[in-house]
Amino acid sequence: MSFINITRVYTADPGNVWTPKKTFLLNDPFAIVLNIQADGSLIDERHRFDAVFQIVGPQQDAFGFAWWTLVGGEVTMSPTRDSHWKNVGFDWGTNFAIWWFWPQYLNAIQHVGNAKLGVFYVQGTVSVQQSDLFAASDRFWFKVR
Amino acid sequence: MADKKRALVPEGMLTLAEAKARVGTLKLPEAVDGKGGGGGVAEPKPAGKSSRKAGRR
């Protein structure tokens with residue numbers, strides 16, 4: 001039975017993606033890392049997958065400091081910052097990590113109000129193309145100060 | 001009292017109502033896409049030896 005699992009999710013310095021990092025300054029390099037275990041058959045059958053990396057602003061009280069952005073000149077609640085990496089091959093074996101990174105955390109959320117300071121979390125999903133297989137991560141909380 | 005509470009909020013934080021009231025003057029930079037990378041995690045080796053190898057796309 002084929003499988004794919006996200007065994008771990010965390011934030012990190014893109015220059016040191018194997019080590020979780022929980023606190024960032026606004027100008028620190030920033031990466032979201034997903035550790036993945038995949039069945040060998042997915043490699044043998046040359047499957048590909050799509051990944052979504054999310055930074056989540058957990059405060060969604062419309063009267064508080066929810067994340068927002070401008071859409072067509074209108075202020076709109078925008079509680080997640082989503083990055084899509086589509087059509088990824090199983091190029092790193094059955095036990096690997098993928099990450100999405102920016103030179104600075106600020107770059108990731110500079111278009112989002114209220115996302116520059118606080119305690120947030122990251123999560124991710126992977127979906128194998130032309131298959132029923134998918135996986136979703138836990139949450140990993142981090143702080144920006 | 002409201003002013004006192006507001007003073008405790010970090011600079012730059014806005015409620016939705018505050019943001020909407022300032023929508024004409026608000027400017028946010030464009031979103032930055034970021035980049036992807038990936039790397040294999042080798043089977044664990046005896047203590048003291050690195051068990052990881054990484055590559056960038």
Would you please name every residue forming a side chain to side chain contact (heavy atoms under 4.5 Å, CB included) with A:D28, sequence neighbours left out?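 A:K21, A:F24, A:L25.
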Determine which pairs satisfy salt bridge (charged side-chain N to carboxylate O under 4.0 Å, His left out) with at least one residue from residues 125-145 of chain A, sequence neighbours left out, and list them in order.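 The answer is none; no pair qualifies.
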Provide the closest heavy-atom pair for A:M77 versus B:L16 in the form atom of the first, atom of the second, distance.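 It is CG-CD1, 3.3 Å.
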Is there a donor-acceptor contact under 3.5 Å from the side chain of [X] to the main chain of [Y]?
| X | Y | value |
| --- | --- | --- |
| A:N107 | B:G34 | no |
| A:Q110 | B:E30 | yes |
| A:W102 | B:K35 | no |

Which portion of A:F63 sits near chain B, non-hydrogen atoms under 4.5 angstrom: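 Interface part for A:F63: backbone (N, CA, C, O).
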So which residues of residues 22-29 of chain B are in contact with chain A at a heavy-atom cut-off of under 4.5 Å?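 Those residues of residues 22-29 of chain B which have a heavy atom under 4.5 Å from chain A are B:V23, B:L26, B:L28, B:P29.
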Are there over 12 heavy-atom neighbours, none belonging to A:F134, within less than 6.0 Å of that residue's CZ?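 12 or below, so no.
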Find out whether B:L14 and A:F65 are in side-chain contact, i.e. whether some heavy atom of one side chain is under 4.5 Å from a heavy atom of the other.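 No, every pair of side-chain atoms sits at 4.5 Å or beyond.
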Quick one, B:V41 and A:W92 - any side-chain contact, counting heavy atoms below 4.5 Å?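 No; the side chains remain at least 4.5 Å from each other.
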Identify every side-chain donor-acceptor pair in residues 29-42 of chain A under 3.5 Å, counting partners at least two apart or on other chains, and give the distances.
{"from": "A:D39", "atom 1": "OD2", "to": "A:S41", "atom 2": "N", "distance (Å)": "3.0"}
{"from": "A:D39", "atom 1": "OD2", "to": "A:S41", "atom 2": "OG", "distance (Å)": "2.5"}
{"from": "A:S41", "atom 1": "OG", "to": "A:S2", "atom 2": "OG", "distance (Å)": "2.6"}

Please state whether the side chain, the backbone, both or neither of B:A19 comes within less than 4.5 Å of a heavy atom of chain A.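 When you check distances to chain A, atoms from both the backbone and side chain of B:A19 fall under 4.5 Å.
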